[in-house]
2 protein chains.
Amino acid sequence: MFTLAEENYLKAIFHLENDYGAGVSTNAIADKMDTRASSVTDMIQKLADKKVISYQKYKGASLTKKGKSIAVNIIRKHRLWEVFLVEKLDFQWDEVHEIAEQLEHIKSDELIQRLDLFLEYPDFDPHGDPIPDRNGYIKPTEKKLLSKLKKNQRGICVGVKESSATFLQYLDTRKIGIGSSITVIDKEEFDQSMTILVSNKQFFITKKIAENLYLKTI
Amino acid sequence: MFTLAEENYLKAIFHLENDYGAGVSTNAIADKMDTRASSVTDMIQKLADKKVISYQKYKGASLTKKGKSIAVNIIRKHRLWEVFLVEKLDFQWDEVHEIAEQLEHIKSDELIQRLDLFLEYPDFDPHGDPIPDRNGYIKPTEKKLLSKLKKNQRGICVGVKESSATFLQYLDTRKIGIGSSITVIDKEEFDQSMTILVSNKQFFITKKIAENLYLKTI
DNA sequence: TTTATTTTTTAGCCTTATCTAAATTTAAAG
DNA sequence: CTTTAAATTTAGATAAGGCTAAAAAATAAA
């Protein structure tokens, strides 16, 4: 059995490996978890002892098969609870992350199986992230960052990369959400800012925004 | 903010005060929490510092107003989650306690308010225990232990005192549940055992069973 | 290829929540 | 009213998870 802290480390390492490739640095973990490098060193040694990561001093950490399976299960729980909060309890998509961070650590396989059934086996969470199935399988989805699109290209928003409340609220005020059709009207070479069209309105967005919106191009 | 351990102590003290009157002993707490008296002494000193219990050395502990309010809120959460598990996720009444023990510590007032609404403001949990309202008010219910009834008296089962899986499964096999009509056919002076009638079947039950079933007499 | 800088690890300390063993206080019994 | 027993508290340890400061290793720069 794994502690809360251990579970959170595994989750962080999983996300970091996903985003930046295998072998994550001590500092990257410390950064993500808002803790100190020395604390990370301690914990990854413990996790290596438990065979959930492979780790050599000074060489960074990688999840083992077992570690990845634990991490994916936590992510599955997190995303299922988010669906529950939005679909059943009528929370907004920017309000659910913190609560799901707590709920994801509840230990009961039966609970999650029944919750999954109750929610009718959803494929995506409210932010467009795929929900791993019971075996940890994550259906691959072809999605592209808005920032990769060129002038005049078009797509449907299928997810957000960052899901902080501030970013999601920014999107809300512009009526951008999962399912929105987005067209790149213009793109500035200099700073990668864009003018986009969303439901007949034009918006100016910075590079940072474009790098946090996932589209499915049409 | 209170830690998991602190919350569990407050809950235990609340239940003990409820069952045996104000001022609970160190040993009683240790017993209930399956820990050592010395650990209890440490913790109740911490809780006293935080003004959630009043405590004098060697004299036992009592919840303050603040401590009681925290305890009742945890119990409210526990019972609401139990209703959710049984009503929405189709768990059996003997399967929900352990999961609710975890869920009761999730911190979000908004969550509980919305859960309460989603469940349509239930008054009782699956074991017949009353659910405190948002202000901590517990509706007083007139219920009586089956063991207090005399020969030929009758009542409707409205709750169970103990809610361990083994006891609940014992009741299940005899088709005794919330709502069951129970009549005392005979009562043995010597050992307080009883013969009872439940849906046209007679059962022999020990004192211990009778002391864990709450009835509303008619 | 040395030197400087950054990254990572080690060493030592703190807090929370436990424990055992010993000491102390209260309650019970003779 | 002592003595014994039971209950409670104190003292000292331990394990988890975190921190700071210093040491060591790896990387980058000169």
Side-chain angles (χ1 to χ4, degrees), chain A residues 1-14 16-17 19-63 67 70-71 74 101-102 104-105 107, chain B residues 1-14 16-17 19-63 67 70-71 74 101-102 104-105 107:
Chain A
M1 205 48 59
F2 291 84
T3 65
L4 185 76
E6 287 169 340
E7 289 193 349
N8 282 331
Y9 271 92
L10 290 175
K11 190 171 50 131
I13 296 168
F14 177 87
L16 289 168
E17 278 198 283
D19 290 357
Y20 307 110
V24 304
S25 73
T26 303
N27 266 357
I29 299 170
D31 222 68
K32 179 135 208 159
M33 304 209 43
D34 201 31
T35 184
R36 297 313 172 114
S38 59
S39 307
V40 174
T41 300
D42 280 353
M43 181 56 96
I44 61 184
Q45 281 167 352
K46 264 181 247 172
L47 292 175
D49 289 346
K50 291 195 173 188
K51 316 273 190 208
V52 288
I53 64 172
S54 58
Y55 159 68
Q56 297 175 72
K57 276 187 194 176
Y58 300 101
K59 298 289 167 93
S62 282
L63 293 178
I70 295 164
I74 297 164
E101 288 281 302
Q102 298 180 62
E104 71 188 7
H105 300 289
K107 284 166 181 57
Chain B
M1 205 49 56
F2 290 84
T3 66
L4 185 75
E6 288 168 340
E7 288 193 350
N8 282 331
Y9 271 91
L10 290 175
K11 192 172 48 129
I13 296 168
F14 178 86
L16 289 168
E17 277 198 284
D19 290 357
Y20 308 109
V24 304
S25 74
T26 303
N27 267 356
I29 299 171
D31 223 66
K32 178 136 208 159
M33 304 210 39
D34 200 31
T35 185
R36 298 311 173 118
S38 59
S39 307
V40 174
T41 300
D42 279 353
M43 181 56 96
I44 61 184
Q45 280 167 352
K46 265 182 248 170
L47 293 174
D49 289 346
K50 292 195 174 187
K51 316 271 189 213
V52 287
I53 64 173
S54 59
Y55 159 68
Q56 297 174 72
K57 276 188 195 174
Y58 300 99
K59 299 288 167 98
S62 282
L63 293 178
I70 294 165
I74 297 165
E101 288 280 303
Q102 298 180 61
E104 71 189 5
H105 300 289
K107 284 168 180 57

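Values below: every heavy atom of this structure, side chains too, minus hydrogens, waters and symmetry copies. Order of the sequence lines fixes the chain letters, A, B, ..., with proteins taken first and strands second; residue numbering starts at 1 for each chain. From a predicted model like this one, the values you see are computed outputs, not experimental measurements.
Atom CG in B:Asp49 sits roughly 14 Å away from atom C1' in C:dT16 (whole-Å rounding). Look at CG on B:Leu10: it is 11 Å from P on C:dA17, rounded to the nearest Å. One atom, CG of A:Asp42, and another, P of C:dT10, lie 9 Å apart when rounded to the nearest Å. For B:Ile44 and C:dT18, the CD1 to C1' distance is 15 Å, given to the nearest whole Å. Residue A:Ile29 contributes atom CD1, which lies 13 Å from atom C1' of C:dT7 at whole-angstrom precision. B:Asn27 places its CG atom 16 Å from the P atom of C:dT26, with the value rounded to the nearest Å. Atom CG in B:Leu47 sits roughly 12 Å away from atom P in C:dT16 (whole-Å rounding).
For the pair A:Lys57 and A:Leu4, both in contact range of DNA chain D, the more 5′-proximal nearest nucleotide belongs to A:Leu4. Where A:Glu6 and B:Tyr58 meet DNA chain D, the nucleotide closest to each residue was compared, and B:Tyr58 sits on the side nearer the 5' end.
Heavy atoms of B:Thr41 sit under 4.0 angstrom from at least one base atom. Among the protein residues, A:Ala37 comes within range of the nucleic acid bases, having at least one heavy atom under 4.0 Å from a base atom.
Salt bridge status for B:Glu6 with B:Lys11: absent, with no side-chain N to carboxylate O gap under 4.0 Å.
The base of C:dT20 sits within donor-acceptor range of the side chain of B:Ser38, with an N or O pair under 3.5 Å.
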Worked check of salt bridge (Lys or Arg N to Asp or Glu O under 4.0 Å) between A:Glu7 and A:Lys107: CA-CA 11 Å; A:Glu7 289 193 349; A:Lys107 284 166 181 57; 3.1 Å; yes
Full working for side chain to side chain contact (heavy atoms under 4.5 Å, CB included) between A:Leu63 and A:Val52: CA-CA 6 Å; A:Leu63 293 178; A:Val52 288; 5.8 Å; no
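Distance from the side chain of A:Ser25 is smallest for C:dT8 among the nucleotides C:dT18, C:dA17, C:dT8.
Within the 4.5 Å cutoff, the side chain of A:Phe14 has no heavy atoms near those of the A:Ile74 side chain. A 4.5 Å side-chain heavy-atom check between A:Asp31 and A:Asn27 finds every atom pair outside the cut-off.
Chain B approaches DNA chain D over the interval D:dA7 to D:dT10, counting the first and last nucleotide 5' to 3' with an atom under 4.0 Å from its heavy atoms.
The distance from the OH atom of B:Tyr55 to the OG1 atom of B:Thr26 is 5.5 Å, given to the nearest 0.5 Å.
What you find for A:Met1 and A:Lys50 is that their closest heavy atoms are O-NZ, 3.9 Å.
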